[in-house]
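Every chain is numbered from 1, with letters handed out A, B, ... down the list of sequences.
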2 protein chains.
Amino acid sequence: MPNSEKSLYSIAELAREFAISTRTIRFYEAKGLIAPNRVGGTRVFSRRDRARLMLILRGKRLGFSLREISDYLGLYDADPAQKSQVELLHNLVSQRLDKLEQQQRDLTTTIRELREIRQQAEDQLADARKPARSA
Amino acid sequence: MPNSEKSLYSIAELAREFAISTRTIRFYEAKGLIAPNRVGGTRVFSRRDRARLMLILRGKRLGFSLREISDYLGLYDADPAQKSQVELLHNLVSQRLDKLEQQQRDLTTTIRELREIRQQAEDQLADARKPARSA
DNA sequence: TAAATGGTTGACGTATACGTCAATGTGTGG
DNA sequence: CCACACATTGACGTATACGTCAACCATTTA
């Protein structure tokens, strides 16, 4: 059962699927974020390449630079034999988690504030329809 | 009791407090994100200016562009008399909330994955010290 | 009075993240 | 055979977000 899902993609297919340009995908490759196989000169993307691309785009939605995303992808790749490598990985992951947790706090605060503003706007619209009830 | 807290700041004070450059603060002013008073030519920042700067920096930590942050600050400023303005504000706030909530989902997933990776690293470090217990 | 301190406005430089050609190659259908 | 779709690299252009001078003005302290 060799997995019924499609497992190879052209650059144009991926670009369409994720609503980005082919130029963008080539740029990510030039920056070392993905490394698709080649058939002749033509890039051929595997499911793993596609998964990496999804990680990249999620990183972008979170506001990270390509450099940061590159480091981040390294965290997924690592399969270290050396203890020192495991420790290094652990440190890197922990640092990244600290940043993400700070971001989550910022995000929670911001969402709370905007919900408050939205609520006030809704109250005002309700008052406009039924202006009584002051005291 | 005119509020014991400091209420006026120089550009250098704010730069130091938030670990950014004075150039950055001037740049934000040039982009219309803050509008400090002037005494002669010199900028004098109020507590409100400082609060806005904090909002800007939080927006940056969340990965937003200055343009997006500018729009976002407008949401805080609005105090609309017109019903249509209230509706517009409500729409803008709702749109922004959609983006932030998507970001929060991305963030939650990413944090979960990194915690998993960190856990695996910790397990490996534990195994290295006490390698038995395979089945 | 001279120098240090802190402020100002240009103007130019730079890294990032692509967009936009141009020139070229490759395979497939009519 | 030839057009057309789809791919390639290379080069140049562009918006954003500042950094980095230069040249200048105003206080204040030695």
Side-chain angles (χ1 to χ4, degrees), chain A residues 6-46 49-50 52-74 96 99 103 106, chain B residues 6-46 49-50 52-74 96 99 103 106:
Chain A
K6 196 164 189 303
S7 70
L8 293 179
Y9 310 84
S10 75
I11 191 170
E13 281 171 341
L14 290 185
R16 240 176 290 120
E17 175 172 5
F18 298 115
I20 59 182
S21 70
T22 60
R23 174 70 177 96
T24 295
I25 295 177
R26 289 195 197 94
F27 186 74
Y28 293 164
E29 181 182 0
K31 290 288 168 181
L33 300 190
I34 38 182
N37 285 327
R38 301 286 186 131
V39 173
T42 302
R43 291 167 178 83
V44 176
F45 295 80
S46 66
D49 293 323
R50 181 171 170 280
R52 278 179 84 84
L53 186 52
M54 293 176 71
L55 286 179
I56 294 169
L57 297 177
R58 194 176 70 190
K60 295 225 69 187
R61 285 198 300 278
L62 293 177
F64 291 105
S65 71
L66 294 186
R67 174 56 203 267
E68 288 171 314
I69 292 171
S70 177
D71 296 348
Y72 169 78
L73 289 173
R96 182 56 61 106
K99 276 197 64 175
Q103 191 169 348
D106 284 332
Chain B
K6 197 164 187 309
S7 70
L8 294 178
Y9 309 84
S10 75
I11 191 171
E13 279 171 341
L14 290 183
R16 240 175 289 120
E17 176 171 4
F18 298 114
I20 58 183
S21 69
T22 60
R23 174 71 176 96
T24 294
I25 295 177
R26 289 195 196 95
F27 187 74
Y28 293 163
E29 181 181 0
K31 290 288 168 182
L33 301 190
I34 36 180
N37 286 326
R38 301 287 186 128
V39 173
T42 302
R43 292 168 178 82
V44 177
F45 295 80
S46 66
D49 294 323
R50 181 170 170 279
R52 279 180 83 87
L53 186 53
M54 292 175 70
L55 286 178
I56 294 169
L57 297 177
R58 194 176 69 190
K60 294 224 69 188
R61 285 197 301 277
L62 293 176
F64 291 105
S65 71
L66 293 188
R67 173 56 202 267
E68 289 171 314
I69 291 171
S70 176
D71 296 347
Y72 169 78
L73 289 174
R96 182 56 62 105
K99 277 197 64 177
Q103 193 169 349
D106 283 332

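Residues of residues 13-26 of chain B that place a heavy atom closer than 4.0 Å to DNA chain D, in numerical order, are S21(B), R23(B), T24(B). DNA chain D lies under 4.0 Å from at least one heavy atom of each of the following residues of residues 55-70 of chain B: K60(B), S65(B), L66(B). Taken residue by residue, residues 29-42 of chain B places no heavy atom nearer than 4.0 Å to DNA chain D.
With sequence neighbours left out, S65(B) forms a side-chain hydrogen bond (donor to acceptor under 3.5 Å, both in side chains) with E68(B). With sequence neighbours left out, the side-chain hydrogen bond (donor to acceptor under 3.5 Å, both in side chains) criterion links S21(A) to T24(A). A search for side-chain hydrogen bond (donor to acceptor under 3.5 Å, both in side chains) contacts involving S10(A) returns nothing, not counting sequence neighbours. R16(B) pairs by the side chain to side chain contact (heavy atoms under 4.5 Å, CB included) definition with A12(B), E13(B), not counting sequence neighbours. For R67(A), the salt bridge (Lys or Arg N to Asp or Glu O under 4.0 Å) criterion is met by D71(A), not counting sequence neighbours. Applying the ring pair (Phe, Tyr, Trp, His ring centres under 6.0 Å) test to Y72(B) and every residue at least two apart in sequence or in another chain returns Y76(B). Evaluation of the side-chain hydrogen bond (donor to acceptor under 3.5 Å, both in side chains) rule for T42(A) yields no partner, not counting sequence neighbours.
Taking 4.0 Å as the cut-off between side-chain N and carboxylate O, R58(B) and D106(A) do not count as a salt-bridged pair.
By the 6.0 Å and 45° rule, R96(A) stacks over the aromatic ring of F64(A).
Nucleotides of DNA chain C that come within less than 4.0 Å of any heavy atom of chain A span, from the 5' end to the 3' end, dA17(C) to dT20(C).
Contact of the L66(A) side chain with the F27(A) side chain is registered, since non-hydrogen atoms from C-beta on lie closer than 4.5 Å.
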Validation: residues 30-41 of chain A side-chain donor-acceptor distances under 3.5 Å, sequence neighbours left out:
from: R38(A); atom 1: NH1; to: G41(A); atom 2: O; distance (Å): 2.7
from: R38(A); atom 1: NH2; to: E29(A); atom 2: OE2; distance (Å): 3.2

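Q103(A) contributes a side-chain N or O that, together with a main-chain N or O of L62(A), makes up a donor-acceptor pair within less than 3.5 Å.
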